[in-house]
Amino acid sequence: MSNINNVAIIGSGPAGYTAAIYAARANLKPILVSGIQPGGQLTITTDVENYPGYENPIQGPWLMDQMQKQSLLVGTSIINSHVEKVKLDEDIKKLYLDNGKIIETKTVIICTGAQARWLGIENEQKLQGHGLSACATCDGFFFKDKIVAVIGGGNTAAEEALFLTKFASKVIIIHRRDKLRAEKILQERLIENDKIDFLWNSEVKKFHGDMELTSIEVFDNKENKNFNMDIDGVFVAIGHDPATSLFKDQIDMDDNGYILTKPDSTQTSLSGVFAAGDVKDKIYRQAVTAAGMGCMAALEVEKYLE
């Protein structure tokens, strides 16, 4: 049994690192597999002003670097690899890594997160965090008295647009159809809000800007023509995809692929397997809530192993 670990954590965002810190402090000697994007979504975020404990804005990559160093300091073993396959339905779970190694463990905490869906158009990657965002709650504050656009037509886009009216002077919803898919009550709130305008039958084709976003190229699919629009900020709100394909047909998930857990718990449908952060949370999706769930998962692992 000497080669069998107490707990393996998959993912290295706020949930993963926090789970590792708590598990290490409980002397569980956790192993953390960092994954394809070490640090998670915060590594592509610039100023962070809503993480508790910091008087001044901090940088997302710096915060994740600090979490990594803290987890190492208390005794976490970090493996810079990617899990390609898992077998979780037995007492001893197995993680198959892309370097050919196999981790055997009594428990697993899944912290693989979720990614915002992006458009995949020119300059999108370059301008993320520089006028281009996928999280109004995270970045809306930086657009006080600015003109911003929200791309999308579902509940996510409607909620982002309404939130942004607290800061922006004007919010333009850009949607490729002539009506929204959002719930009727959200649509009513959008229409009633004087700060919100709509750009129907339109698709953003290109982002312009060198160091900061300055304008967008829009295609009017009714008039069949392109035009440029000056804009201070753009929020892409076409949904999120949880990174759960690895666990398909092994763990219970909802229709959108988010892992289901027991009420007030991080316990999944499999004994000894826990899930924390955006991989199971499609409502809040904040670093602080992910970290809180990482703490919960580690405490539940400790109790489970006892």
*Can you check side chain to side chain contact (heavy atoms under 4.5 Å, CB included) on Ile196 and Leu162, steps first, answer last?*
CA-CA 8 Å; Ile196 294 176; Leu162 288 166; 4.0 Å; yes

*Phe163: ring-ring contact (aromatic ring centres under 6.0 Å, His included) partners, not counting sequence neighbours*: Phe167

Is there a donor-acceptor contact under 3.5 Å from the side chain of [X] to the main chain of [Y]?
X: Asn155; Y: Glu183; value: yes
X: Thr107; Y: Asn6; value: yes
X: Ser34; Y: Pro38; value: no
X: Asp278; Y: Gly113; value: no
X: Thr266; Y: Phe274; value: no
X: Ser71; Y: Lys69; value: no
X: Asp232; Y: Ile147; value: yes

*Only one of Asn80, Thr112, Leu97, Asp98 clears side chain to side chain contact (heavy atoms under 4.5 Å, CB included) with Val33; which?*
Leu97

*Does any non-hydrogen side-chain atom of Asn50 lie less than 4.5 Å from one of Val288?*
no

*Side chains of Tyr284 and Thr137 in contact at under 4.5 Å (non-hydrogen atoms)*: no

*Verify the ring-centre separation between Phe227 and Phe219: is it less than 6.0 angstrom?*
no

_Looking at every non-hydrogen atom in both residues, tell me the closest pair between Gln267 and Glu300 and how far apart they are._
N-OE1, 4.0 Å

*asked:* I'd like to check the side chain to side chain contact (heavy atoms under 4.5 Å, CB included) partners of Glu192; sequence neighbours left out, ordered by chain and number.
replied: Glu188

*asked:* Checking Glu203 against Arg176 for the salt bridge (charged side-chain N to carboxylate O under 4.0 Å, His left out) test, could you report, in this order, the C-alpha distance in whole Å, the side-chain angles of both residues, the deciding distance, and whether it holds?
replied: CA-CA 5 Å; Glu203 299 178 50; Arg176 59 184 176 177; 5.5 Å; no

*Supply the atom-to-atom distance Leu95 CG to Glu104 CD, rounded to the nearest 0.5 angstrom.*
9.5 Å

